[in-house]
Amino acid sequence: MSSLLDIKGLTVRFATRGGAFTAVDGVDLQLAPNEVLAIVGESGSGKSVAMLALMGLLPWTATVTAERMAFDGHDLAKLSPRARRQIVGRDMAMVFQEPMSSLNPCFTVGYQIGEALAAHTTLDRRARRARVIELLERVGIPDAGRRLNVFPHQLSGGMSQRVMIAMALACSPKLLIADEPTTALDVTIQAQILDLLLQLQRENGMGLVLITHDLGVVAETAHRVVVQYAGRQVESAAADALFRNPHHPYTAALLAALPEHAAQDGSKLLAAIPGMVPGQFDRPQGCLFAPRCAHATQRCQDLAPVLADEALGRALCHTPLQAGVPLELQA
Ligand SMILES: Nc1ncnc2c1ncn2[C@@H]1O[C@H](COP(=O)(O)OP(=O)(O)OP(=O)(O)O)[C@@H](O)[C@H]1O
Ligand code: SF4
Ligand SMILES: [Mg+2]
């Protein structure tokens, strides 16, 4: 397939007071033009850091390495900072987790969207104004001509996120990265924003990377899914295959925690995964998921697994599940 994004072995290390910390460890991502890829995983699994690395937006304490980091035919690692800035914001844009804190409170909405256009296009002021109104209308902001002059604090959370999306779309990017774009919003607004993103993705023929910890959202939207855990990619698959036959115990546990499953078996409680994602100081020696895994053995405690081959679902596990059963234990 021709790739819009082709990332291999993306690794991000932070220098911290407690020593070096690997927040993203060897993540691979492939995305075709027009494709929707979901990255899922609990808090702290390195989803945001991986995407910020791609955008070149991490602080100086971060060291980013990769075997390959190609976007639309450009090797991002080899571009000069200037050349990279020209691509980021124009061909590759990002909608962030917190719409309220991502907009600058000191400038009007119209000015902020216009800035992106001024930086990346040759449009004059009049043309920029017209384009800003067009963008605001496109993301469903009523009375767009008047909203140009409002400040972010005058907008609701949902409206702020629409403005952020308009800003990201300003230069018609080929790739949009949406990092938990609905987490900070009311439930009723969440569905609207998600629908808007998917509609724009289809209309503009964009690649969309959707970061979420909600597998319900993934089921409705994504073509392919990457599951991350504690900085590692533990499984990647076509969305329907992943839902039908998850190979990594973590993926299976995430699926079992979906509300639909609780409803199906009549139980009121979700099958929550015990414990939490290990951080900088409590990463286990063997498999990172071992302390929480229902299938863990002594080998899992002692030895980090390597990625199983394609036939076994490319899961990072000593005993990938087949139809819910660890491979080695099957008759
Ligand atoms: N600037 C930084 N310096 C040191 N560690 C960092 C920095 N930014 C993030 N981290 C650490 O990297 C790990 C991954 O963080 P990241 O924000 O990517 O998680 P996430 O998967 O996006 O989680 P969430 O679902 O909460 O957004 C975390 O352990 C976090 O504490
Ligand atoms: S390697 Fe072991 S602990 Fe890790 S996910 Fe697989 S079965 Fe569970
Ligand atoms: Mg995040």
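Keep in mind it's a predicted model, so treat the numbers as computed, not measured. Note that ligands are numbered from 1 as they come in the structure, with each ligand's atoms numbered from 1 the same way.
- Side chain of Q201 to main chain of M206: a donor-acceptor pair is present (N/O by atom type, distance under 3.5 Å, no hydrogens or angles).
- The ligand atoms of ligand 2 that sit less than 4.0 angstrom from a heavy atom of H248 are 5 (S).
- Residue-ligand proximity, A23 to ligand 1, at heavy-atom distances under 4.0 Å covers atoms 12 (O), 13 (C).
- Note on residues 106-131: pairs passing salt bridge (charged side-chain N to carboxylate O under 4.0 Å, His left out), not counting sequence neighbours, are R131-E134.
- Close approach of ligand 1 to V49 is summarised as follows: ligand atoms under 4.0 Å from at least one heavy atom of the residue are 9 (C), 15 (O), 16 (P), 18 (O).
- Under a 3.5 Å cut-off, the side chain of Q233 and the backbone N or O of V27 do not form any donor-acceptor pair.
- Near F21, with a cut-off below 4.0 Å to any heavy atom, the atoms of ligand 1 are 11 (C), 12 (O), 13 (C), 29 (O).
- Atom 30 (C) of ligand 1 is never approached by the protein to below 4.0 angstrom, counting heavy atoms only.
- Counting protein heavy atoms under 4.0 angstrom from atom 24 (P) of ligand 1 gives one or more.
- Within ligand 1, the atoms closer than 4.0 Å to a non-hydrogen atom of E180 are 25 (O), numbered from 1 in the order shown.
- The backbone N or O of T212 sits nowhere less than 3.5 Å from a side-chain atom of K47 that would complete a donor-acceptor pair.
- The N/O atoms of F14, backbone and side chain alike, include none that comes under 3.5 Å of an N/O atom in ligand 1.
- Looking at ligand 1, you'll find an N or O of S45 within less than 3.5 Å of one of its N or O atoms.
- Remark: R146 engages D143 in a salt bridge, criterion side-chain N to carboxylate O under 4.0 Å.
- Neighbours of atom 2 (Fe) of ligand 2 restricted to protein N, O or S atoms under 2.8 Å: the count is 1.
- Ring geometry, F21 versus F14: the interplanar angle falls under 30°, so the pair is classed parallel (tilted spans 30 to 60°).
- F107 and Y111 have parallel rings, their planes meeting at less than 30° on a 0 to 90° scale where 60° marks the start of perpendicular.
- Below 4.0 Å from some heavy atom of Q97 lie the following atoms of ligand 1, by number and element: 24 (P), 27 (O).
- The cluster map of Ile, Leu, Val, Met, Phe, Trp and Tyr, joined by side-chain heavy atoms under 4.5 Å apart, puts M164 and F151 in different clusters.
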